[in-house]
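Structure first, commentary second.
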Amino acid sequence: MTGSGFVPEPHLAAEPAGFGQRLCTALERRGALCLGIDPHSQLLHEWGLADDLASLERFALGCVEAFADLVPVIKPQSAFFERFGSRGIAVLERTVAAARAAGALVLADVKRGDIGSTMAAYGEAYLDPSSELAVDAITVSPYLGVGSLEPAFELAERYGAGVFVLALTSNKEGPQVQHARLADGRTVAQSVIDELAARNAGAEPLGSYGVVVGATIGESVAQLGGLNGPYLVPGIGAQGGTAADVRRIFGGHLGAVLPSVSREVLRAGPSLPALRAAAERAIEDFLFLRG
C-alpha cells in the first residue's frame, strides 16, 4: 500500500528437510531397500550389450525406468560411469536426474576420502545442489581419520544431504584395519561408529550421518545400536549376504537399516518387466524391516 508506511515481512522459505528425515519418509512409503546401478562390463555382457557408452546409457536408464519408482534409494556406482570419461559422467548425471524425478533418493557410491580443500571439492561435486552431479547422499572412506571428512560433513549440514562412512565392509581385507584395536580397547570400526553417533546426537527422527556395515561381516566387533543414523548394508545377494544375516547382525536395531542389493536384481535384465519383478521380490525379502 503506497504511502502507508507498511513494510511487508520477507517471505521465509522453509528449510529443506535433512537427509535423515527424507530417508525416514522414503522408507515408510517404499520399504527398506537400496538398489544399486552397477553397469560393469560383465553385466553389460549378460544383458547382450557391448561395453560402450551407448550400452552404459541403455543399462543405467533402463534400470531407472524399471524400478526407480519402487524403492526409496537408488545407488549408482560412480566408477562404472567414470571409466567412460566425461561422456560417462554425463550419463551418470542423467541417471541421477531421472532417478530423482521418479521419487527415489540417490546415494552416489563414490567412496571419496581426502583432506582439506580436496575433500571439500569432492563434497561440492556431489552435495551442492547447483552441481550437475548433485545427489542426496554419498559414501566416503574414513581412513585418513574421520576428522578429515569434516568438509563433507559441513556441506551435508548446509545442504541437507547425507554421508555414509565405511565402518565394517564386506571385503576380506577390511578386518586388517577395521578390527584393529585402539589404545582404549575399541576397534577402529567402533571408533568410526562412535564419532558418527556423536554427530547424530539429538537428531529427529534420524540423523543424516550413516555407516556402511556389510552383510557378510560374520561376528560383529562393534556395538551397532547407538548410531541414531542409517546403516547401509551391502554384500547381499551375489556376495553371499542374506536377509537372515541382516537380522543376525542388527538384532533389535533394525529400524534404520538399508539393505543394498545390486547384481542379484540387475541380472534379471535387459527385460524391464523382469527387472521390476526382481526388485519387487527383493523388497518383499526385507518387509520385516518395516515392522
Side-chain angles (χ1 to χ4, degrees), residues 33-113 121-141 161 164 170-171 212 232 234-239 258-283:
L33 187 69
C34 171
L35 276 181
I37 298 181
D38 296 1
H40 58 73
S41 56
Q42 181 59 38
L43 271 175
L44 293 176
H45 175 74
E46 290 181 22
W47 279 35
L49 300 175
D51 191 10
D52 60 19
L53 187 71
S55 298
L56 171 73
E57 184 162 24
R58 179 180 170 188
F59 183 101
L61 295 183
C63 289
V64 170
E65 182 179 349
F67 53 64
D69 65 330
L70 284 178
V71 295
V73 181
I74 295 291
K75 182 173 69 67
Q77 170 47 260
S78 179
F80 295 123
F81 296 83
E82 292 175 29
R83 68 192 185 98
F84 289 98
S86 60
R87 292 178 298 172
I89 295 297
V91 173
L92 177 59
E93 291 172 357
R94 291 194 288 276
T95 302
V96 169
R100 297 182 89 181
L105 300 177
V106 177
L107 165 59
D109 198 353
V110 294
K111 297 186 179 73
R112 303 300 192 228
Y122 282 134
E124 289 164 359
Y126 292 99
L127 302 180
D128 186 335
S130 68
S131 169
E132 294 294 331
L133 279 170
V135 293
D136 297 280
I138 58 173
T139 58
V140 296
S141 173
F164 286 84
S170 298
N171 62 305
V212 180
L232 179 69
I236 295 166
Q239 291 178 265
L258 185 62
S260 180
V261 180
S262 297
R263 279 175 286 175
E264 196 76 3
V265 168
L266 299 177
R267 283 172 173 162
S271 164
L272 299 191
L275 270 175
R276 189 174 184 86
E280 289 171 339
R281 289 193 297 272
I283 292 169

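Computed from a predicted structure; not experimentally measured. Basis for what follows: all heavy atoms, side chains included, without hydrogens, waters or symmetry-related copies.
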Minimal non-hydrogen separation, Ala278 against Ala268, with atom names: CB-CB, 3.8 Å
pair Asp109-Phe164: side-chain heavy atoms closer than 4.5 Å: no
Rounded distance (nearest 0.5 Å) linking atom OG of Ser86 with atom CZ of Phe81: 14.5 Å
Arg263 side chain to Leu43 backbone, donor-acceptor under 3.5 Å: no
Closest heavy-atom pair and its distance - Phe84, Leu53: CE2-N, 3.8 Å
Backbone of Ser130 reached by a side-chain donor or acceptor of Asp128 within 3.5 Å: yes
Leu105 vs Pro72 side-chain heavy atoms within contact, under 4.5 Å: no
Minimum side-chain heavy-atom gap Leu49-Pro270 below 4.5 Å: no
Side-chain heavy atoms of Val91 within contact of Phe80, under 4.5 Å: no
Distance (rounded to the nearest 0.5 Å) between Thr139 OG1 and Leu232 CG: 8.0 Å
Gap separating the OG1 atom of Thr95 from the CZ atom of Phe59, nearest 0.5 angstrom: 10.5 Å
Donor-acceptor contact below 3.5 Å, side chain Asp136 vs main chain Leu107: no
Closest heavy-atom pair and its distance - Ser262, Lys75: OG-NZ, 4.5 Å
Nearest atoms (heavy-atom pairs only) where Ala98 meets Leu61: CB-CD2, 4.3 Å
Side chain to side chain contact (heavy atoms under 4.5 Å, CB included) between Leu35 and Val261, worked out: CA-CA 5 Å; Leu35 276 181; Val261 180; 4.1 Å; yes
Donor-acceptor under 3.5 Å (Ser131 side chain, Ala125 main chain): yes
Partners passing side-chain hydrogen bond (donor to acceptor under 3.5 Å, both in side chains) against Arg83 (at least two apart in sequence or in another chain): Asp51
Ionic contact status for Arg276 with Asp69, cut-off 4.0 Å: yes
Tyr122 side chain reached by Ile138 side chain, heavy atoms, under 4.5 Å: no
CZ-CD distance between Arg87 and Glu57, expressed to the nearest 0.5 angstrom: 11.5 Å
Gap between atom CG of Asn171 and atom CD of Gln239 - 0.5 Å precision: 9.0 Å
Non-hydrogen atoms of Ala99 and Val64 that approach each other most closely: N-CG1, 3.7 Å
Contact check, side chains of Gln77 and Lys111, non-hydrogen atoms, under 4.5 Å: yes
Heavy-atom donor-acceptor pair, Ser141 side chain to Arg112 backbone, under 3.5 Å: no
Spatial distance of atom CG (Leu44) from atom CD (Gln42) [nearest 0.5 Å]: 9.5 Å
Where Val265 and Ala279 come nearest, the two heavy atoms and their spacing: CG1-N, 4.0 Å
